[in-house]
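These notes concern the structure reproduced below.
Small disclaimer: the values here were computed from a predicted structure and weren't measured.
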Amino acid sequence: MKQPVLAGVAQAGVPPGRSRTPNREMELSRPEVTTADLRRAAWTSSLGSALEYYDFALYSLAAALVFGPLFFPHQGTSIGLIASFATYFLGFAVRPIGGILFGMVGDRFGRKLVLLLTVTLMGGASTAIGLVPTYQTIGIWAPILLIVLRLLQGLGAGAEQAGAAVLMTEYAPKGRRGFYAALPFLGIQIGTVIAAIVYFALLFHVTNVLQSWLWRLPFLLSSVILIIALYMRFNLKESPAFAEIEEEEHARAMSLPEVVRESWKTILLGMGLRMAENGGSSIYQVLAVSYSVNVVGMRNATGALSLLCAAIVGAFVVPAAGLLSDRFGRIPVYRGFAILQMLAALPVWYALSFGYLPLTIAALSLALGCATWGMFGTQGALLPEMFGSRHRYLGVSLTREVSAVLSGGIAPLVGSVIIAVVTSHDAGAARPGLIAWVPLALYVMVLAAITIVTTLFAPEPRDRDLLDRRDLINS
């Protein structure tokens, strides 16, 4: 017989429909969550994250290595790279729109429906990218189609990760939310590992990937993950916390203006926390690979191999970070990883400038696998616990995706401009642009400093009542 797992909200006999008082934490009974339910939720959330970050890693690798000459061939190398990263940025720019639209749907109609919609949109767009003809075949329509599909990809991704975090936080047993909410983020490592393995395998013996159709194959494989994720999500129960508040007569989802008006302080705090994590993720997964290949002169496959090793390290760090946050608190653990990222920035980028594979692997494993993904693992329960029950999905989505534009989306674009400027002023050197590692490291340090300062103003949300309608900062 299946045994119920301790609910993420303590049970107390408060009748449905009764409102909360500001001075007393009152918790409602909620449906039973069996071990099988919890396991299924973790797997389905992880598969969706795997698809999102498989797509993310694929697009980042392709943007760094092949999209410039394939879709923007009449530009110079530096300008083509900037144009390629501009399409990468567009996917981030549209994510807040997806986060707002799907976040409102998720708060009104449930988490499960949105997770079905977002995974379909992401997987379908990624598969279609593998079918787009190049500029040589259809001219200007090639970059136009690429941009359209990237926008669709960004719309779906805008609520996918927020939904996974909210779902698992609301499913998880109280006292272990940090660990369980970190499990879906293992999908990041799963997706990154799969993408890196595929690209490494395809590029290892290919001397001119631009003349090969093999770059399309990884995108077409998105359809396999999509089918598996859809199958599992159709059999997923609704989030217990959402099912509970849905039964209250007066419960209703809040509109976007209401959320902004009530939660602007929480949103700003969340955005500050995301600067180092999301910015660092994009910088090390995209810009570091581009720098190593296009400036330092390493082989294309070495970038994928370095990401693969970093992802393996991250697979251990993410759940460990969740466990640490359950024991020591979300904010202290998050701050610790942000400090690590700041201290590691200069030595990591200096190591990347040597073009020595073991050093590159070690540098990315420390910066990305440890520091960046350590923050991400802690963030799983941190952001959902900061928001009230009626607008949790929209609040988390808005926080994540606006910050993703300001930190993660713009970072490779800014970094590629830095590299281009340094290269143009260093044209006579044996390796023009090599010294760009200095401003790139300083860029990482600035993002980390913003996050560290933010943690000093953020209250500790560990194990708060998930049925409380108020944000943590207002409770």
Side-chain angles (χ1 to χ4, degrees), residues 182 185 188 268-292 306-307 309-311 313-314 316-318 320-322 324-325 328-354 359-380 382-383 399-400 403-419 422 435-460:
F185 293 166
I188 297 170
L268 287 178
L269 277 175
M271 289 171 59
L273 293 172
R274 290 266 290 163
M275 288 296 112
E277 173 268 316
N278 194 250
S281 179
S282 288
I283 287 170
Y284 287 119
Q285 289 194 70
V286 182
L287 196 59
V289 173
S290 176
Y291 174 80
S292 298
S306 300
L307 284 181
C309 294
V313 172
F316 292 95
V317 171
V318 165
L324 288 172
S325 75
F328 300 107
R330 319 285 187 231
I331 299 301
V333 174
Y334 202 94
R335 184 186 301 129
F337 283 115
I339 291 172
L340 175 60
Q341 186 183 76
M342 187 178 192
L343 295 177
L346 281 170
V348 161
W349 277 96
Y350 182 59
L352 292 175
S353 70
F354 281 90
L359 266 181
T360 300
I361 290 174
L364 284 182
S365 295
L366 172 62
L368 180 62
C370 243
T372 300
W373 282 334
M375 282 183 280
F376 206 35
T378 311
Q379 191 185 110
L382 172 58
L383 289 184
T399 300
R400 285 183 53 83
S403 61
V405 175
L406 298 177
S407 55
I410 202 172
L413 187 59
V414 171
S416 60
V417 170
I418 290 174
I419 293 174
V422 173
I435 196 62
W437 71 266
V438 176
L440 292 174
L442 294 176
Y443 186 20
V444 174
M445 294 177 73
V446 169
L447 293 176
I450 293 172
T451 291
I452 293 168
V453 171
T454 303
T455 62
L456 301 177
F457 296 92
E460 176 57 54

- prompt: Do the side-chain N and O atoms of Arg330 and Thr378 include a donor-acceptor pair separated by under 3.5 angstrom?
  reply: no
query: Taking C-beta and beyond as the side chain, do Leu273 and Ser403 meet within less than 4.5 Å on heavy atoms?
result: no
field: Met342 and Phe337, any side-chain heavy atoms less than 4.5 Å apart
entry: no
task: Give a yes or no on whether the backbone of Ala367 and the side-chain of Tyr284 come within a donor-acceptor separation of less than 3.5 Å.
output: no
- request: Work out which heavy atom in Cys370 is nearest to a heavy atom in Val317; give both atom names and the distance.
  value: O-CG1, 3.7 Å
message: I need the minimum non-hydrogen distance between Leu368 and Ala310, along with the two atoms involved.
response: CD2-CB, 4.1 Å
N/O donor-acceptor pair under 3.5 Å between Ser282 side chain and Gly279 backbone: no
- request: Determine whether Val422 and Val438 make a side-chain contact, defined as any pair of heavy atoms from C-beta on separated by less than 4.5 Å.
  value: no
Exercise: identify the closest heavy-atom pair between Val333 and Ala321: CG1-O, 4.2 Å
task: Please name the pair of heavy atoms, one in Gly377 and one in Ala182, separated by the smallest distance, quoted to 0.1 Å.
output: O-CB, 3.5 Å
statement: In terms of heavy-atom contacts, Cys309 and Ile361 come closest through CB-CG2, 3.6 Å
- prompt: So how far is it from Met275 CE to Met375 CE, rounded to the nearest 0.5 Å?
  reply: 11.5 Å
field: Set of ring pair (Phe, Tyr, Trp, His ring centres under 6.0 Å) partners for Tyr291, sequence neighbours left out
entry: Trp349
- request: May I ask you to test the Leu406-Asn278 pair for a side-chain heavy-atom distance under 4.5 Å?
  value: no
field: Spacing of CD1 belonging to Ile339 relative to OH belonging to Tyr334, to within rounding of 0.5 Å
entry: 13.0 Å
message: Rounded at 0.5 Å granularity, tell me how far CD in Gln285 sits from CG in Leu307.
response: 6.0 Å
- request: Kindly give the heavy-atom pair with the smallest separation between Ile452 and Ala338, and that separation in Å.
  value: CG1-CB, 3.8 Å
Glu460 side chain to Gly329 backbone, donor-acceptor under 3.5 Å: no
query: How far does CE of Met271 sit from CZ of Arg400, to the nearest 0.5 angstrom?
result: 13.0 Å
query: Is any side-chain heavy atom of Ile283 less than 4.5 Å from a side-chain heavy atom of Leu447?
result: yes
- prompt: Hey, mind stepping through Phe457 and Leu269 against side-chain contact (heavy atoms from CB on, under 4.5 Å) and telling me if it holds?
  reply: CA-CA 8 Å; Phe457 296 92; Leu269 277 175; 4.1 Å; yes
message: Quick check for you: to the nearest 0.5 Å, what is the distance between Ser407 atom OG and Glu277 atom CD?
response: 7.5 Å
field: Audit row: Leu340, Leu366, side-chain contact (heavy atoms from CB on, under 4.5 Å) steps and yes/no
entry: CA-CA 9 Å; Leu340 175 60; Leu366 172 62; 4.3 Å; yes
query: Hey, are the side chains of Val414 and Ile418 touching, using non-hydrogen atoms and a 4.5 Å cut-off?
result: yes
query: Taking atom CG of Leu287 and atom OG of Ser292, what is their separation to the nearest 0.5 Å?
result: 9.5 Å
task: Please determine which of Thr451, Thr454, Thr455 meets the side chain to side chain donor-acceptor pair (under 3.5 Å) test together with Arg335.
output: Thr455
